[in-house]
Amino acid sequence: MKRLITTAAIVATAMLLVTGCSPGSGGGGSGDSKSFEFWSFTGINQKADVEVYKKAHPDVEIKLTEVGSTTETAQALTTALAGGKVPDLVLIQGDDLPKFMQSADNFVDLASLGADQRKGDYLDWVMKQSVTQDGKIIGIPTDVGGMAIAYRTDLFKAAGLPTDRDQVSQLWPTWDGFLETGKKYVQATGKPFLDNTSTSVFFQAVNQGTERYYDADHKLSYDKNPQVKAAFDLALKIHKAGITSKITSWSTGWTAGMGKGDFAVVSAPSWMLNAIHTNAPNTAGKWDVAAIPGGSGNWGGSYLAIPKRAKNPKAAWAYIAEMQSPSGQLAHFLQQGALPTTPSVYSDPQLVAKTDPFFSNAPIGKIYTQSVLGIKPFYIGPEDATVGSEMLNTLVSVEQGKVAPDDAWNTALTNVKNALRG
């Protein structure tokens, strides 16, 4: 999951954690082998997982710090690894992992704790991201982000559009169909159809390709890859159609807009459902889930890792081994909706039958596992997060009227190159 934040916020958070001014941010554990310190990012209710583990292990103390966004958490960890106090366990967003893989010696080789006997439990293309060329296992994948579209059935009905999820999916087998549906909605209601183009269009479409910002030889190719350009142009096309609310994802207006009906549709990888639950609790039963245009794709996923200087690595590993086992990931999905990285549970009757009353009893287990079947994964490199952030930021600037659509692609390329130099 990727969020847009300011550099100042990154630095401030990092400094708080390094100097120990943030609650629970001291490095390493207390010296008690049954206790450990855990850094996570916000917005995913990590506290719920911790409570589940503590209930099963009441003698274990877990000091959880929700650092900030995914980027803030990665930057804080970078600073800590350079000489600050490290946690015993840290959650790293998938796009941020490649940079840490460049300095794998900063982390415990989880194979030494038993991960080599478990790596076959996980989707191969996900697990490969956290394994070094010489076989060291740096992280265990916690989830993947199968794609779908969440939509307001009450608002669709008011616009004269179908509300049945299968019929809605048939409206947009392609992104062009999605655009045409949005035009019909706006014409019927005079209100925005979609939250924004940056995350709900570009970041979905660019994650559906066979390559993203790196080519097959693991060289940066964002400026030459036609799939990236096509996804960017699609976002501009939908922006020009005037069907979005132009509200940036994870902003105050965006979280409030879910409940107020400021938009009828939001792209919803599996982890997004929990955000809608949290931000718009009074809209229960008014949402449903349909297929993403194009039918499949992945956005998101994270890894749990143990820094080399952790004081209590065995306690941290015990947590990983239990909570990220196939049964642990299945339980997490049933409780919170995070899509497992353990394919052995994809046919489990509990997962297949899982519905969500908040989303009109949508069969989310079936919808999201289908969306990750047949994926041809692309290489994620150390600069993926930087490239993606600058692409997203440029599209946000377009929606805010700060960058002209005709200048957007060249502006994005310039911004990426400047960021990479920095």
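One is the number of the first residue; the rest follow in order along the sequence.
- Between Q208 and W175 the shortest side-chain heavy-atom distance falls below 4.5 Å.
- A salt bridge does not link E390 with K417: none of the charged nitrogens is closer than 4.0 Å to a carboxylate oxygen.
- Under a 4.0 Å N-O distance rule, the pair K229/D233 qualifies as a salt bridge.
- Applying the 6.0 Å contact sphere to NZ of K157 captures no more than 12 heavy atoms from other residues, nucleotides or ligands.
- Counted by atom type alone, E399 and T244 present one or more donor-acceptor pairs between their side chains at under 3.5 Å.
- Side-chain contact between F178 and L194 is present, with heavy atoms from C-beta onward closer than 4.5 Å.
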Between T342 and L330, does a side chain to side chain contact (heavy atoms under 4.5 Å, CB included) hold up when you go through it step by step?
CA-CA 8 Å; T342 50; L330 175 61; over 6 Å; no
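- A donor atom on one side chain and an acceptor atom on the other are not found under 3.5 Å apart for D121 and Q324.
- Using a 4.0 Å cut-off between a side-chain N of Lys or Arg and a carboxylate O of Asp or Glu, K219 and D217 do not qualify as a salt bridge.
- Within 6.0 Å of atom CD in Q400, more than 12 heavy atoms from other residues, nucleotides or ligands are found, so the atom counts as buried in its surroundings.
- Of the possible donor and acceptor atoms, one in the side chain of S221 sits under 3.5 Å from a partner among the backbone N and O of D215.
- Here the CG atom belonging to D95 is positioned 9.0 Å from the CD atom belonging to Q129, to the nearest 0.5 angstrom.
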Which is it for Y213 and Y379 under the ring-ring contact (aromatic ring centres under 6.0 Å, His included) test, yes or no, and what are the steps along the way?
CA-CA 8 Å; Y213 308 134; Y379 173 71; over 10 Å; no
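- Using a 4.0 Å cut-off between a side-chain N of Lys or Arg and a carboxylate O of Asp or Glu, D262 and R152 do not qualify as a salt bridge.
- Side-chain contact, W271 with D143: no donor N or O sits under 3.5 Å from an acceptor N or O.
- The CG atom of L273 lies 10.0 Å from the CH2 atom of W287; values are rounded to the nearest 0.5 Å.
- Nearest heavy atom pair, residue S360 against residue G285, reads OG-O, 3.4 Å.
- Summarising the geometry of M391 relative to A412, their closest heavy-atom pair is SD-CB, 4.1 Å, with the distance given to 0.1 Å.
- In this structure a side-chain-to-backbone donor-acceptor pair under 3.5 Å is present from N207 to F203.
- For the side-chain contact (heavy atoms from CB on, under 4.5 Å) with V228, the lone residue among V387, D223, V206 that qualifies is V206.
- Between the side chain of S389 and the main chain of T386, no donor-acceptor pair closer than 3.5 Å is present.
- Considering OG1 of T132 and CZ of F107, their distance stands at 12.5 Å, rounded to 0.5 Å.
- Counting only distance, with no hydrogens or angles, the side chain of W254 and the backbone of I247 share no donor-acceptor pair below 3.5 Å.
- No donor-acceptor distance shorter than 3.5 angstrom exists from the side chain of T248 to the backbone of S251, with no hydrogens or angles considered.
- Counting heavy atoms from C-beta outward, S267 and I292 have side chains that approach closer than 4.5 Å.
- Between the side chain of T42 and the backbone N or O of G68, at least one donor-acceptor pair lies under 3.5 Å.
- Between D96 and Q75 the shortest side-chain heavy-atom distance does not fall below 4.5 Å.
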Would T73 and Q93 count as a side chain to side chain donor-acceptor pair (under 3.5 Å) if you check the C-alpha gap in whole Å, the side-chain angles of each, and the deciding distance to 0.1 Å?
CA-CA 9 Å; T73 305; Q93 193 260 351; over 6 Å; no
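- Rounded to the nearest 0.5 Å, atoms OG (S397) and CG (D407) are 12.0 Å apart.
- Donor-acceptor pairing under 3.5 Å is recorded for the side chains of S327 and S325.
- Between the S245 side chain and the D195 main chain, a donor and an acceptor come within less than 3.5 Å of each other.
- Note that OG1 of T78 and CG of L81 are 6.5 Å apart. Values are rounded to the nearest 0.5 Å.
- Taking 4.0 Å as the cut-off between side-chain N and carboxylate O, R212 and D384 count as a salt-bridged pair.
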Does the pair W299 and Q204 meet the rule for a side chain to side chain contact (heavy atoms under 4.5 Å, CB included), with working shown?
CA-CA 7 Å; W299 173 22; Q204 308 305 303; 2.8 Å; yes
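- For F193 and Y185, the distance between ring centers is under 6.0 angstrom.
- When all heavy atoms of P405 and H239 are compared, the pair lying nearest together is CG-CD2, 4.0 Å.
- We find that K136 and D116 are not joined by a salt bridge, their nearest charged nitrogen and carboxylate oxygen being 4.0 Å or further apart.
- Between F41 and Q46 there is no side-chain heavy-atom pair separated by less than 4.5 Å.
- Proximity of V265 to F156: side-chain heavy atoms (C-beta onward) are separated by under 4.5 Å at one or more points.
- Within a 6.0 Å radius of CD in Q187, other residues, nucleotides and ligands contribute 12 heavy atoms or fewer.
- Residues D88 and A316 come closest through the heavy atom pair O-CB, 3.5 Å.
- Checked against the 6.0 Å centroid threshold, W409 and F232 count as a close aromatic pair.
- Heavy atoms only, all atoms of each residue included: A290 and A148 are closest at O-CB, 3.3 Å.
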Pair D124-K119, salt bridge (Lys or Arg N to Asp or Glu O under 4.0 Å): steps then yes or no:
CA-CA 8 Å; D124 181 62; K119 66 179 181 179; over 6 Å; no
Under the side chain to side chain contact (heavy atoms under 4.5 Å, CB included) criterion, do F100 and N106 qualify, and how do the steps go?
CA-CA 8 Å; F100 293 108; N106 282 326; over 6 Å; no
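- With values rounded to the nearest 0.5 angstrom, T142 atom OG1 is found 8.5 Å from Y303 atom OH.
- Side chain of Q329 to main chain of T341: a donor-acceptor pair is present (N/O by atom type, distance under 3.5 Å, no hydrogens or angles).
- Under the 6.0 Å cut-off for aromatic ring centres, Y222 and Y214 do not qualify, their centroids lying 6.0 Å or more apart.
- T65 has its side chain out of reach of E37: every pair of non-hydrogen atoms, C-beta onward, lies at least 4.5 Å apart.
- Between D356 and H277, the side chains place a donor N or O and an acceptor N or O closer than 3.5 Å (distance only, hydrogens not considered).
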Audit row: F378, T210, side chain to side chain contact (heavy atoms under 4.5 Å, CB included) steps and yes/no:
CA-CA 6 Å; F378 45 74; T210 55; over 6 Å; no
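- When every heavy atom of T153 is checked against every heavy atom of T163, the shortest pair comes out as O-CG2, 3.4 Å.
- Counting only distance, with no hydrogens or angles, the side chain of K183 and the backbone of A241 share no donor-acceptor pair below 3.5 Å.
- More than 12 heavy-atom neighbours from other residues, nucleotides or ligands sit within 6.0 angstrom of NZ on K354.
- Residue pairs satisfying the side-chain hydrogen bond (donor to acceptor under 3.5 Å, both in side chains) criterion with at least one member in residues 165-174, sequence neighbours excluded, are listed as follows: R165-D288.
- Two residues are said to be in side-chain contact when any heavy atoms from C-beta on lie closer than 4.5 Å; Y346 and V352 fail this criterion.
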